[in-house]
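Just so we're on the same page: letters track the sequence lines, and every chain starts at 1.
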Amino acid sequence: MRLSRYFLPLLRDDPKEAEIVSHRLMLRAGLVRQSSAGIYSWLPLGYRVLRKIEQIVREEQDRAGAIELLMPTIQPAELWQESGRYDDYGKEMLRIEDRHERQMLFGPTNEELITAIFRDGVKSYKELPRILYHIQWKFRDEIRPRFGVMRGREFLMKDSYSFDLTHDDARKSYNRMFVSYLRTFARMGLKSIPMAADTGPIGGDLSHEFIILADTGESEVFCHRDYLALETPGADITYDSDLTPLIGEWTEKYAATSEKHDAARFEKDVAEGDRVSARGIEIGHIFFFGTKYSEAMGARVQGPGGELVPVQMGSYGIGVSRLVGAIIEASHDDAGIIWPKSVAPFDVGLINLKSGDADTDAACDDFYERLKAAGLDVLYDDRDARAGAKFTGMDLIGLPWQVIVGPKGLKAGEIELKERATGERLSLTFDAVLNRLVESAQEARKEAA
RNA sequence: CGGGGCAUGGCGCAGUUUGGUAGCGCACCUGCUUUGGGAGCAGGGGGUCGCAAGUUCGAAUCUUGCUGCCCCGACCA
C-alpha cells in the first residue's frame, strides 16, 4: 500500500481525553476514532490489526475443534425472559423497541440465543459434544466506559459455547478451550496467566480469567512467579488427548484475581520471593455453568438409556477488540507502538527518504514491487515529506520492520533494514534485505502452524 | 449512579476575571530555498466559540436550562 493513497490520519499531539498509553497511541497512530463514549470507528490501519487478531482467534478455535457460526447482534427479549436474565441484566443491556413495539435488545452475550439454536437442532446425545462459536459485536451499556477500546460499550468478542452430555465431558470441553486460549494469546506475543475467577452474572461454579500483567490493568492480581516462565503448548497439541495434566500444570500453583484472592493462602502456599502481585488486564474468560440455561430453556437431549437430560454447558469469551489495546499496553516504547509480527497491520514499512529524486524513487518503486511479489504486506511511504517526519511516523505506527532507502546508501548499493522492536539497523543489499524479510515471514508462519 | 473537571478550526491551547465582533503552535494549500530523525521564509484556506433561551446598543465572555465528553469511585469481555 502506498501511503500517498492510504487513509492514515496521524496525530502529532496527544488527544487530551486519552489517559492510558494504548488509547493515546491508538488515536495518534490513526487506528481508531471515537464516535461516542465507548464506541469507536476502526480506521483502516486499526481494522487490519483487528482482523489479524480475529483470525488468530479463529484459527485456534478451529484447531481446538470449535465450529464457527454467526448470530445476530439484535435479539428478541423473549429469549432472555425465558432464562430469567431479562430482568437480572439491568441497565447494562441496551433495550430496543421495534416498529411493532416488540421488545428487542442489542446482545451483550449469547447464551440464550445459542441455547435456543441448539435446543431446536439437537435431540440426541450422539450429536454431543459440540463447541460452537462466533465472533460478533456486543454491546454493554457500561456505567463508565474508559481506556479506549479496553472498556468500550460496543466491542468485538469471540464467544464459544460448549454442549455436553455429562459433567465429565463438559470438563473436557472446558479444558479444550483453556488450552486453546493459552495458544491464542501466545501467538499474539502475550503471556497470559489463567486465574481463578468469579463467575459473575453468567453463573456457574468453574471459571478462569486469562490475565496479562500490565501496570495499567484494571484489576489487582496475585500469582506464583513460575507461571511467567511456563511454556505454552505447541501447535502439535492433540486436543483429543487427555488434557488434564496440562491443565494441572497451569492451575496447580496460586493465581487469583482480587475477587478470589485469599491473602492467607497466598502467603502460606507461595514463598515470599515467588509472589507476584501486580495489575492485570483480562483478555479472556471461561465458564462452566452446567445446566443453568439448558434447564431454564429446555435444551435437553436423549441419553443412551432413552432418558431426557439437560445438556451441560460452558461459555468462553475473548475480547477481540480489547486485545488491540492490551497488546499495545504490553508492547510499546516512547516512540510508539511495537506490533508483534503476528498482528502487525503490515509486515514492513518502506521509507523513501527522498521522494522526488528520480533514482531514489525508481529504487523504491522497484523494491516495493519485489517485496509485494514475495508475499509481504508493505506500507510504502512514498509521500513528499521530510525524512524525519517519515521516521517518526513509521516508529509511531510500529510495523515490525522498516526498510530505509536514501540516496546515500544507494550510491553504495545498500539500503537499511531496521527492526522496530530492538532499534537495530543494518546496511544491506536489496537482496539481503528481501531475504531477511522473507525469512522472518516464514518463521512467523512456522510459529503459527 | 455519587464526586470532580472540560467544551473556542483536524490536534494541542490562549482569550472568559473586567462584554466591543476570534487568536497562537502544529497540521493543511501555493511558491521559493531546503532535504538521513517532526526545516526556513513568504503568501493563503478553514471556526455561527457544544446547544437553547435570556440580559445588553453589542455576548466566546454575564444569567438560566440542556447536551456531550473526560477523570476518580462502586460494576464489568
Considering only the P atoms, how many Å lie between B:C24 and B:G47, rounded to the nearest integer?
15 Å
Kindly state which residues belonging to residues 390-403 of chain A come within less than 4.0 angstrom of RNA chain B, counting heavy atoms of the residue only, listed by number.
A:Phe391, A:Thr392, A:Asp395
Closer to the 5' end of RNA chain B via nearest nucleotide, is it A:Ile143 or A:Pro407?
A:Pro407
So, A:Tyr86 and A:Asp88: side-chain donor and acceptor under 3.5 Å apart, yes or no?
no
Pairing nucleotide - B:A42, Watson-Crick or G-U, each distance under 3.5 Å
B:U30
For A:Arg58, is there an ion pair with A:Glu68 - N to carboxylate O distance below 4.0 angstrom?
yes
From NZ of A:Lys354 across to C1' of B:G37 the rounded distance in Å is 16 Å
Using atom C1' in both nucleotides, what's the gap between B:C49 and B:A59 to the nearest angstrom?
11 Å
Considering every strand and a 4.0 Å limit on heavy-atom distances, what is the contact class for A:Gly406: base, sugar-phosphate, or nothing?
base
What's the verdict on side-chain contact (heavy atoms from CB on, under 4.5 Å) for A:Ile337 and A:Asp395, showing C-alpha distance, side-chain angles and the deciding distance?
CA-CA 7 Å; A:Ile337 301 169; A:Asp395 284 348; over 6 Å; no
From NE2 of A:His285 over to P of B:C75, roughly how many Å is that when rounded to an integer?
15 Å
Is A:Arg146 close enough to B:G73 that one of its side-chain N or O atoms is under 4.0 Å from OP1 or OP2 there?
yes
Counting only pairs under 3.5 Å, give me each side-chain donor-acceptor contact of residues 37-44 of chain A, with atom names and distances, residues two or more places apart or in other chains.
| residue | atom | partner | partner atom | Å |
| --- | --- | --- | --- | --- |
| A:Tyr40 | OH | A:His23 | NE2 | 3.3 |
| A:Tyr40 | OH | A:Gln34 | OE1 | 3.1 |

Which nucleotide in the set B:C75, B:C11, B:A7 lies at the smallest distance from any side-chain heavy atom of A:Leu11?
B:C11
By salt bridge (Lys or Arg N to Asp or Glu O under 4.0 Å), A:Asp431 pairs with (sequence neighbours left out) A:Arg370
Using atom NZ of A:Lys16 as one end and atom P of B:G25 as the other, report the distance to the nearest whole Å.
20 Å
Taking the C1' atom in each of B:G9 and B:G23, what is the distance between them to the nearest angstrom?
11 Å
Do A:His332 and A:Ser22 have a side chain donor and acceptor closer than 3.5 Å?
no
Quickly, which of A:Gln55, A:Arg187, A:Met188 forms a side chain to side chain contact (heavy atoms under 4.5 Å, CB included) with A:Val343? Name it, please.
A:Met188
Sequence neighbours excluded, which residues qualify as salt bridge (Lys or Arg N to Asp or Glu O under 4.0 Å) partners of A:Lys52?
none
List for me each residue that meets ring pair (Phe, Tyr, Trp, His ring centres under 6.0 Å) alongside A:Tyr181, sequence neighbours excluded, and say none if there are none.
A:Phe185, A:Phe210
Side chains of A:Asp62 and A:Tyr133, donor plus acceptor under 3.5 Å:
yes
Taking the C1' atom of each, how far is B:A14 from B:U8, in whole Å?
10 Å
Tell me yes or no: between the side chains of A:Tyr239 and A:Asn175, is some donor less than 3.5 Å from an acceptor?
no
Using a 4.0 Å heavy-atom cut-off, write out nucleotides 26-34 of chain B from 5' to 3' as B (base contacted by protein), S (sugar-phosphate only) or - (no contact).
SS------B
Tell me the interatomic distance from A:Ile351, atom CD1, to B:G38, atom P, rounded to whole angstroms.
13 Å
With sugar-phosphate meaning primed atoms plus P, OP1 and OP2, does A:Ala389 contact a base, only sugar-phosphate, or nothing at under 4.0 Å between heavy atoms?
base
List for me each residue that meets ring pair (Phe, Tyr, Trp, His ring centres under 6.0 Å) alongside A:Phe139, sequence neighbours excluded, and say none if there are none.
A:Phe106
Select base, sugar-phosphate, or nothing to describe what A:Gly30 touches, counting heavy atoms under 4.0 Å on all strands.
nothing
At less than 4.0 Å, is any side-chain N or O atom of A:Lys91 found next to OP1 or OP2 of B:C1? Yes or no.
yes
Donor-acceptor pairs under 3.5 angstrom involving side-chain atoms of residues 2-19 of chain A: please list them, not counting sequence neighbours.
| residue | atom | partner | partner atom | Å |
| --- | --- | --- | --- | --- |
| A:Arg2 | NH1 | A:Asp382 | OD2 | 3.2 |
| A:Ser4 | OG | A:Asp382 | OD1 | 3.1 |
| A:Ser4 | OG | A:Asp382 | OD2 | 2.7 |

I'd like to know whether A:Leu428 forms a side-chain contact (heavy atoms from CB on, under 4.5 Å) with A:Arg436, so could you lay out the CA-CA distance, the side-chain angles of the two residues, the decisive distance to 0.1 Å, and finally the verdict.
CA-CA 10 Å; A:Leu428 300 166; A:Arg436 286 209 174 212; 4.0 Å; yes
Nearest-nucleotide 5' precedence on RNA chain B, A:Pro15 against A:Leu10
A:Pro15
Near RNA chain B, counting only heavy atoms under 4.0 Å, which residues of residues 52-74 of chain A show up?
none
Atom pair distance, as rounded to whole Å: CD in A:Glu17 and C1' in B:G12:
11 Å
Does A:Phe430 CZ have over 12 foreign heavy atoms under 6.0 Å away?
yes
Do A:Asn352 and A:Asp361 get their side chains close enough for a donor-acceptor pair, meaning under 3.5 Å?
yes
Could you tell me whether the side chains of A:Thr216 and A:Glu329 share a donor-acceptor contact shorter than 3.5 Å?
yes
The correct set of residues in residues 20-28 of chain A placing a heavy atom under 4.0 Å from RNA chain B is A:Arg28
Main-chain N/O of A:Met297 paired with A:Arg119 side-chain donor or acceptor, under 3.5 Å
yes
Sorted by number, the residues of residues 33-40 of chain A with heavy-atom contact under 4.0 Å to RNA chain B:
A:Gln34, A:Ser36, A:Ala37
For RNA chain B, which residues in residues 173-184 of chain A have a heavy atom at a distance below 4.0 Å?
none
Across the strands shown, which category fits A:Lys158 at heavy-atom distances under 4.0 angstrom: base, sugar-phosphate, nothing?
nothing
Please report, rounded to the nearest Å, how far the P atom of B:C69 is from the CD atom of A:Glu19.
17 Å
Would a 4.5 Å heavy-atom cut-off, applied to side chains only, mark A:Asp141 and A:Lys91 as touching?
no
Using the P atoms only, state how far B:G20 lies from B:C13, rounded to an integer number of Å.
24 Å
Rounded to the Å, how far apart are A:Asn352 CG and B:U35 P?
16 Å
Verify whether one side chain among A:Trp339 and A:Ser331 offers a donor that lies under 3.5 Å from an acceptor in the other.
no
Mind checking A:Gly356 for me? I need base, sugar-phosphate or nothing, with any heavy atom below 4.0 Å counting as a touch.
nothing
Using the P atoms only, state how far B:U48 lies from B:C11, rounded to an integer number of Å.
14 Å
